[in-house]
Undergrad: 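Attaching a single structure in structure tokens format; questions to follow.
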Amino acid sequence: MSVLIVIPARYASTRYPGKPLVELTGANGDRLTLIERSWRAACAVQGVDRVVVATDDDRIQTAAHGFGAEVVMTSQSCANGTERCAEAHAALGGGYEVVVNLQGDAPLTPHWFIEDLVAGLRAAPGMGLATPVLQCDGETLNSLLSDRAAGRVGGTTAVFGRDHSGLYFSKEVIPFCAEHFEGAAPTPVYHHVGVYAYRPDALADYPSWPVGPLEQLEGLEQLRFLENDRKILCVEVEARGREFWELNNPEDVARIEAMMMKMGEN
């Protein structure tokens, strides 16, 4: 199956304007922008035919061209990354069997997350969309809870059924868990990794659906699929000793840089 990775990036982020061009310092001292680090993560994925950055901003286009990325300019009317991916796929003439949305705020996404995601979608022909979930250890769960207690959105959590169909995704920490966990102890909470793999028909349908109340309340684009009775396959991925976090707030810069230093990520 032919695979396209699209990295949607917009400058006018509500919570963190200019986020794609924020520089992160790696373990070797190199300072690279968030969008370049996300592009490098995409280029490390095996079995991919093409990687493009999709944006509506000339500053991001210029930066992306500067490090060698292919750029597709999309309209400012795209409400989220999924709509931007749909527009980019159409602009490229379509024809890809799987379109991966690697959001530009996830530079620590390991290549096997995306490889496992694509494999999971291939093995589930009845599904139009798949997304990774990562079981939280105590340290990650406590970080999520601390962010919420401080009024920050530190990540998204997911709950799913026995067939791994997504039941709900939330910026709150779900499910509620009265037990306290520490360190590397496994927990019943799953961190949603902000990557999606779509079949082209599901992706093409998405922009035609109105924004529903759950998407509006949570600000989570994947809820539009659930609100239109489309199943989402949750593919459980393994950390393999790596730490994962997305850049949602300015406070996350230091956290991600510390993770890169600890893992030797340049």
Side-chain angles (χ1 to χ4, degrees), residues 6 8-17 19 54 56 74-90 99-106 117 121 124 126-134 136 141 144-177 188-235 246-249 252:
V6 179
R10 64 189 182 108
Y11 193 90
S13 170
T14 303
R15 281 182 285 162
Y16 197 167
K19 182 170 68 171
D56 59 5
T74 52
S75 64
Q76 294 183 352
S77 63
C78 293
N80 55 45
T82 300
E83 290 191 8
R84 202 171 300 281
C85 285
E87 190 172 311
H89 184 236
V99 180
V100 174
N101 171 355
L102 174 61
Q103 301 188 73
D105 58 5
L117 178 64
L121 185 62
M127 292 286 192
L129 166 68
T131 194
V133 292
L134 178 66
C136 291
L141 175 57
L144 291 169
L145 292 170
S146 295
D147 274 342
R148 294 307 296 129
R152 296 188 298 269
V153 176
T156 298
T157 56
V159 290
F160 48 88
R162 291 179 181 175
D163 63 351
H164 280 76
S165 292
L167 299 175
Y168 196 63
F169 300 82
S170 182
K171 289 179 179 176
E172 292 291 350
V173 180
I174 57 173
F176 168 75
C177 183
V189 176
Y190 283 80
H191 190 174
H192 172 238
V193 180
V195 182
Y196 305 94
Y198 319 92
R199 297 189 190 278
D201 55 343
L203 182 60
D205 286 344
Y206 182 89
S208 67
W209 300 328
V211 176
L214 296 178
E215 181 186 358
Q216 183 71 41
L217 287 167
E218 293 269 12
L220 295 175
E221 63 202 86
Q222 68 270 35
L223 293 177
R224 197 182 306 182
F225 284 96
L226 295 183
E227 291 187 271
N228 284 275
D229 300 318
R230 298 292 186 97
K231 287 187 175 183
I232 299 175
L233 176 66
C234 292
V235 177
E246 295 165 340
L247 203 158
N248 296 296
N249 308 287
D252 292 325

Undergrad: For the SG atom of C234 and the CG atom of D163, what is their distance to the nearest 0.5 Å?
TA: 9.5 Å
Undergrad: If only side-chain N and O atoms count, and only distance matters, is there a donor-acceptor pair under 3.5 Å linking T156 with H191?
TA: no
Undergrad: Looking at R148 and R152, would you say the former's side chain and the latter's main chain have a donor-acceptor pair under 3.5 Å?
TA: yes
Undergrad: Below 4.5 Å, heavy atoms only, C-beta onward: do L129 and R230 meet side chain to side chain?
TA: no
Undergrad: For V153 and N248, work out which heavy atoms get closest and say how close.
TA: O-CB, 3.6 Å
Undergrad: Taking the side chain as everything from C-beta on, heavy atoms only, tell me whether E172 gets closer than 4.5 Å to E218.
TA: no
Undergrad: Does E83 offer a backbone N or O that forms a donor-acceptor pair with the side chain of N80 under 3.5 Å?
TA: yes
Undergrad: Which residue is it: W209, Y196, F169? I am looking for the one with a ring pair (Phe, Tyr, Trp, His ring centres under 6.0 Å) to F225.
TA: W209
Undergrad: Are the side chain of E246 and the backbone of G194 linked by a donor-acceptor contact shorter than 3.5 Å?
TA: yes
Undergrad: Which pair of non-hydrogen atoms, one from V6 and one from A88, has the smallest distance, and what is that distance?
TA: CG1-CB, 4.2 Å
Undergrad: Run the side-chain contact (heavy atoms from CB on, under 4.5 Å) test on E221 and Q103 for me, step by step, so that the C-alpha distance in whole Å, both residues' side-chain angles and the decisive distance to 0.1 Å come before the verdict.
TA: CA-CA 12 Å; E221 63 202 86; Q103 301 188 73; 3.6 Å; yes
Undergrad: Going by atom types alone, do D205 and Y198 pair a side-chain donor with an acceptor below 3.5 Å?
TA: no
Undergrad: Locate the shortest heavy-atom distance separating L102 from P8; write the atom from each residue and the value.
TA: O-CD, 3.6 Å
Undergrad: With side chains defined as the heavy atoms from C-beta onward, is the minimum distance between N101 and T82 less than 4.5 Å?
TA: yes
Undergrad: Can you tell me if K19 uses its side chain to pair, donor with acceptor, with the backbone of L247 under 3.5 Å?
TA: yes
Undergrad: Can you tell me how far OH of Y16 sits from CG of N249, rounded to the nearest 0.5 angstrom?
TA: 9.0 Å
Undergrad: Check whether D147 reaches the backbone of L144 with its side chain - one donor and one acceptor, N or O, closer than 3.5 Å.
TA: no
Undergrad: Taking C-beta and beyond as the side chain, do M127 and L121 meet within less than 4.5 Å on heavy atoms?
TA: yes
Undergrad: Can you tell me how far the CD atom of E227 sits from the CD atom of Q222, to the nearest 0.5 Å?
TA: 10.5 Å
Undergrad: Looking at side-chain heavy atoms only, is the closest gap between E215 and L220 below 4.5 Å?
TA: no
Undergrad: May I ask you to test the V235-T131 pair for a side-chain heavy-atom distance under 4.5 Å?
TA: no
Undergrad: If you compare all heavy atoms of A202 against all heavy atoms of G128, which two are closest, and at what distance to 0.1 Å?
TA: CB-O, 3.5 Å
Undergrad: Any chance you could measure L214, atom CG, to S170, atom OG, to the nearest 0.5 Å?
TA: 10.0 Å
Undergrad: With a 3.5 Å distance limit and no angle check, can you tell me whether E87 reaches the backbone of S75 through a side-chain donor-acceptor pair?
TA: yes
Undergrad: Decide yes or no on ring-ring contact (aromatic ring centres under 6.0 Å, His included) for Y190 and F160, but give the supporting numbers first.
TA: CA-CA 9 Å; Y190 283 80; F160 48 88; 5.0 Å; yes
Undergrad: Any side-chain heavy atom of V195 sitting closer than 4.5 Å to one from V100?
TA: yes
Undergrad: Please report the closest heavy-atom contact between L226 and G166, naming both atoms and the distance.
TA: CD2-O, 3.7 Å
Undergrad: If you apply the rule salt bridge (charged side-chain N to carboxylate O under 4.0 Å, His left out), what do you find for R84 with D56, and how did you get there?
TA: CA-CA 9 Å; R84 202 171 300 281; D56 59 5; 3.6 Å; yes
Undergrad: Count the heavy atoms belonging to other residues, nucleotides or ligands that lie under 6.0 Å from NZ of K171, then report whether that count exceeds 12.
TA: yes
Undergrad: First locate atom CG of L203, then atom SG of C85, and finally report the distance between them rounded to the nearest 0.5 Å.
TA: 6.5 Å
Undergrad: Please find the pair of heavy atoms, one from H192 and one from P132, that lie closest to each other, and give the distance.
TA: CD2-O, 3.5 Å
